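Here's the structure we're looking at; comments come further down.
In listed order, ligands and their atoms are each counted from 1. Everything numeric here is computed off the predicted structure, so don't read it as measured data.
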Amino acid sequence: MEKLEELYSGKAKTVFRTDNPEKLVMEFRDSLTAFDGKKKSSAPKKGYYNAQISAKLFRLLEDNGIKTHFDSMLSGNEMVVDTVEIIKIEVIVRNIAAGSLTRKYPFRAGEKLDPPVLLFDYKSDEYGDPMINEDMALALRLATKEELSNIRELALRINSILLDYLDERGLLLPDFKLEFGRHKGRIVLADEISCDTCRFWDKKTGESLDKDVFRFDKGDLVAAYREVAKRIVPEINS
Ligand code: TMP
Ligand code: ASP
């Protein structure tokens with residue numbers, strides 16, 4: 001398979017066409033942004049750690065019967081994925097109150113949410129990713145009713161698989177963001193599952209080991225991402 005020209009570049013990943021129309025290459029870059037791109041930086045090996053963590057978690061989910069867009073790794077930070085039609089909904093799963101939830105609602109940071117809370121955001125830089133409900137998703141023609149119920153069920157299954165896996169590795173998963181796509185008539189998990197899109201807290205100390213380190217200047221981002229990579233992908237050379 002040959003990597004061809006760039007198709008588009010987001011805040012942290014670049015997508016390339018390949019000589020196979022059914023496959024794309026997703027490059028995880030070292031750049032990072034927060035607060036709708038207002039805060040910008042870059043961190044060495046960040047793309048590599050995120051790509052490796054994502055690949056491992058996609059494989060774990062596939063092993064547990066969840067269809068994902070993951071195909072293989074082309075290099076340390078380049079992932080070959082199926083060409084899917086991305087559904088413009090950011091699906092947020094929350095297990096512990098953190099981040100915007102504690103700013104917008106009367107939850108105490110660190111409070112357990114049981115059962116987990118699932119939220120939908122409209123994936124749109126132009127509109128600032130506003131929160132939507134199912135009626136809005138239908139009105140905006142983002143997905144069908146059947147797709148939305150499928151997405152909900154998949155997100156909750158993914159959550160319980162990840163919670164067990166991460167718990168064994170000394171990590172709490174307060175919340176994370178998923179994106180789904182359409183592939184050959186089915187809904188598949190797409191995008192990434194990484195330190196940029198999840199909150200990971202050390203189980204013993206409660207320390208943030210994710211992009212909050214960058215968002216809120218909590219310390220050494222590369223050290224935090226490396227620590228998560230060590231626990232989730234101990235087989236890589238970190
Ligand atoms: P929030 O508490 O800032 O709303 O974030 C909820 C989760 O979603 C958190 O795990 C980080 C992730 N997230 C993204 O992946 N992309 C984003 O643009 C934002 C704002 C959050
Ligand atoms: N990814 C978003 C941005 O770059 C926000 C965030 O993750 O905090 O602006």
Show me, pair by pair, the donor-acceptor contacts under 3.5 angstrom made by side chains of residues 148-159, not counting sequence neighbours?
unit_1	atom_1	unit_2	atom_2	d
Asn159	OD1	Asn95	ND2	2.9
Asn159	ND2	Asn95	OD1	2.9

Any salt bridge between [X] and [Y], counting N to O under 4.0 Å?
{"X": "Asp129", "Y": "Lys123", "value": "no"}
{"X": "Lys45", "Y": "Asp30", "value": "no"}
{"X": "Asp202", "Y": "Arg231", "value": "yes"}
{"X": "Lys184", "Y": "Glu22", "value": "yes"}
{"X": "Arg182", "Y": "Glu147", "value": "yes"}

Heavy atoms of other groups near Tyr127 OH, more than 12 under 6.0 Å: no
Distance from [atom] to nearest protein heavy atom, with residue and atom:
{"atom": "atom 17 (C) of ligand 1", "result": "Glu90 OE1, 4.4 Å"}
{"atom": "atom 7 (C) of ligand 1", "result": "Asp175 OD1, 3.6 Å"}
{"atom": "atom 4 (O) of ligand 1", "result": "Ser100 OG, 2.6 Å"}

Under 4.0 Å from any heavy atom of [X], which atoms of ligand 1 are there?
{"X": "Gly99", "answer": "2 (O)"}
{"X": "Cys198", "answer": "10 (O)"}
{"X": "Lys177", "answer": "8 (O), 12 (C), 14 (C), 15 (O), 16 (N)"}
{"X": "Phe176", "answer": "10 (O)"}

Throw together a table of side-chain donor-acceptor distances under 3.5 angstrom for residues 6-14, partners on residues two or more places apart or in other chains.
unit_1	atom_1	unit_2	atom_2	d
Ser9	OG	Thr14	OG1	2.9
Ser9	OG	Arg29	NH1	3.0
Lys11	NZ	Asp125	OD1	3.4
Lys13	NZ	Asp191	OD1	2.8
Lys13	NZ	Glu192	OE2	2.7
Thr14	OG1	Arg29	NH1	2.8

Might you check, step by step, whether the distance between atom 20 (C) of ligand 1 and some protein heavy atom is under 4.0 Å? no
Just to verify, what does Phe107 make a ring pair (Phe, Tyr, Trp, His ring centres under 6.0 Å) with, not counting sequence neighbours? none
Check for me whether Lys46 meets the cation-pi criterion with Tyr225, that is, NZ or CZ under 6.0 Å from the six-membered ring centre and within 45 degrees of the ring axis. no
Which parts of the protein, at residue level, reach under 4.0 Å of ligand 2 through a heavy atom? Lys11, Thr33, Ala34, Phe35, Asp36, Gly37, Lys211, Arg215
Between Lys39 (side chain only) and Arg215 (backbone N and O only), is there a donor and an acceptor less than 3.5 Å apart? yes
I want to know if ligand 1 touches Arg94 in the polar sense, i.e. an N/O pair below 3.5 angstrom. yes
If I apply the N/O under 3.5 Å rule, does Asp129 come out as touching ligand 1? no
Just going by heavy-atom distances, which of Arg215, Lys211, Arg199 is nearest to atom 3 (O) of ligand 1? Arg199
